Amino acid sequence: MNEATLQQATQGGGGDSIGLLMMGKTAVSLLVVVAIILACAWLLKRLGPNRRAGTQHLRVVASTPVGQRERVVIVAVADRWLVLGVGGGQVTRLDTLEPPTTPDVEPPGSAPGGSFASRFAQALKQNARGAVRGRQNGRDGS
């Protein structure tokens with residue numbers, strides 16, 4: 001009797017393991033399909049045809065939050081900077097500025113050459129110049 005029950009348990013267990021194996025393969029296949037769909041959506045978003053159309057004439061220079069849902073944004077349009085208040089589903093022009101003529105720092109895309117030590121020394125000098133300017137501006141205002 002023990003051999004008969006052992007044979008039935010083995011046969012029944014084999015059917016369950018095949019069902020679990022098929023379910024596992026199906027789940028993995030479904031995850032692969034979902035991952036492919038997400039990857040295609042990401043690529044379309046990054047490399048889509050309209051990606052560069054809006055950035056040719058309009059560029060966000062700076063943005064800072066002033067409330068939970070409100071921001072002040074500086075946008076460069078042609079040769080003008082617009083200071084915009086953004087929040088509550090609306091955009092309001094606060095001011096118009098002239099862009100600075102000479103930038104104090106290098107553009108983010110250009111990396112200074114040389115070793116790490118020379119780049120670090122250059123960064124320290126720029127920070128020191130900024131601190132000295134800040135102190136001078138503070139004295140002039142008082």
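Note that this is a predicted model, so its numbers are computed, not measured.
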Using the side-chain contact (heavy atoms from CB on, under 4.5 Å) rule, take Trp81 and Val61 through it: C-alpha gap first, then chi angles, then the decisive distance, then the call.
-> CA-CA 8 Å; Trp81 280 9; Val61 176; 3.8 Å; yes

Residue pair Leu94 / Leu84, side-chain heavy-atom distance below 4.5 Å | no

Rounding to 0.5 Å, atoms CG (Leu31) and OG1 (Thr26) come to a distance of 11.0 Å

Kindly work out whether a path of hydrophobic side-chain contacts (I/L/V/M/F/W/Y, heavy atoms less than 4.5 Å apart) joins Met23 to Leu30.
-> no

Is Val60 reachable from Val91 through a run of I, L, V, M, F, W or Y residues, each pair having side-chain heavy atoms under 4.5 Å apart?
-> yes

Go through the steps to decide whether Leu58 and Val75 satisfy the test side-chain contact (heavy atoms from CB on, under 4.5 Å), and finish with yes or no.
-> CA-CA 7 Å; Leu58 189 67; Val75 178; 3.0 Å; yes

Shortest non-hydrogen separation from Gln68 to Glu70 and the atoms involved = N-OE1, 3.5 Å

Quick one: closest heavy-atom pair of Leu82 and Arg93, and the distance?
-> CD2-CD, 4.0 Å

If you round to the nearest 0.5 Å, how far is CD of Gln122 from CG of Asn127?
-> 11.0 Å

Minimum heavy-atom distance between Pro99 and Asp79, given as atom pair plus value = CD-O, 3.3 Å

Should Val73 and Val77 be regarded as members of a common hydrophobic cluster, given that ILVMFWY residues are connected when their side-chain heavy atoms come within less than 4.5 Å of each other, either directly or indirectly?
-> yes

So Val83 and Leu97, side-chain contact (heavy atoms from CB on, under 4.5 Å) or not? Walk me through it.
-> CA-CA 7 Å; Val83 181; Leu97 302 173; 3.7 Å; yes

